[in-house]
Amino acid sequence: MASKVKPIKPGDVEKLRAVSIPDVVLEVFNAMIAKKWNGSYAVVKQDDVMAALEEKGLVRKEVYENHWLDVEDSYRMSGWKVFYDKPAYCESYDAYFKFSK
């Protein structure tokens, strides 16, 4: 009997990852984007997102292991331009996401 399950297609990976991110993560990002919006873009610090998620009961290790902060493709599919930056080994600044139209 033939299997009904098929291998994932390269173009479907972003969609599948997007739906695996818990609603609470997107709710936190949405609230922070709205709060930081200056009319052109919003800069959201990764540490602020993580702190808000911990306040809501999520565990830091679980968030990172499941890549729940990898929201870029989800927001790009919704029409946003998303840039993520984190410090290199010899740099010291806060990792952040920049969302723009």
Using the rule that Ile, Leu, Val, Met, Phe, Trp and Tyr join whenever any side-chain heavy atoms are under 4.5 Å apart, tell me whether Val43 and Val71 fall into a single cluster. no

Determine all donor-acceptor pairs shorter than 3.5 Å in which one atom belongs to a side chain in residues 34-41; sequence neighbours excluded.
residue, atom, partner, partner atom, Å
Asn38, OD1, Ser40, N, 2.8
Asn38, OD1, Tyr41, N, 2.9

Worked verdict on Val25 versus Leu58 for side chain to side chain contact (heavy atoms under 4.5 Å, CB included): CA-CA 9 Å; Val25 174; Leu58 273 70; 4.1 Å; yes

With sequence neighbours left out, what residues match Glu27 under salt bridge (Lys or Arg N to Asp or Glu O under 4.0 Å)? none

Partners of Glu55 by salt bridge (Lys or Arg N to Asp or Glu O under 4.0 Å), sequence neighbours excluded? none

Donor-acceptor pair, distance only, cut-off 3.5 Å: does the side chain of Arg60 make one with the backbone of Met50? no

Output all residues satisfying side chain to side chain donor-acceptor pair (under 3.5 Å) with Glu62, sequence neighbours left out; order by chain, then residue number. none

Partners passing side chain to side chain donor-acceptor pair (under 3.5 Å) against Asp48 (at least two apart in sequence or in another chain): none

Check: residues 87-95 side-chain donor-acceptor pairs under 3.5 Å, at least two apart:
residue, atom, partner, partner atom, Å
Glu91, OE1, Ala88, N, 2.8
Tyr93, OH, Asp85, OD1, 3.2
Tyr93, OH, Asp85, OD2, 2.8
Tyr93, OH, Lys86, O, 3.1
Asp94, OD2, Lys45, NZ, 3.3

Can you name the closest pair of heavy atoms from [X] and [Y] and give their distance?
X: Leu53; Y: Val24; answer: CD2-O, 4.0 Å
X: Tyr64; Y: Gln46; answer: OH-NE2, 3.1 Å
X: Ile33; Y: Ala42; answer: O-CB, 3.6 Å

Taking only residues two or more places apart in sequence or in another chain, which ones pass side-chain contact (heavy atoms from CB on, under 4.5 Å) with Asn30? Tyr75

Please work out which of the three classes, parallel, tilted or perpendicular, describes the rings of Phe83 and Tyr96, given edges at 30° and 60°. tilted

Contacts of Tyr84 that satisfy ring-ring contact (aromatic ring centres under 6.0 Å, His included) - sequence neighbours left out: Phe97

What is the distance from atom CD1 of Ile21 to atom CH2 of Trp68, rounded to the nearest 0.5 Å? 10.0 Å

Point-to-point distance, once rounded to the nearest 0.5 Å, from CG of Leu26 to OG of Ser74: 6.0 Å

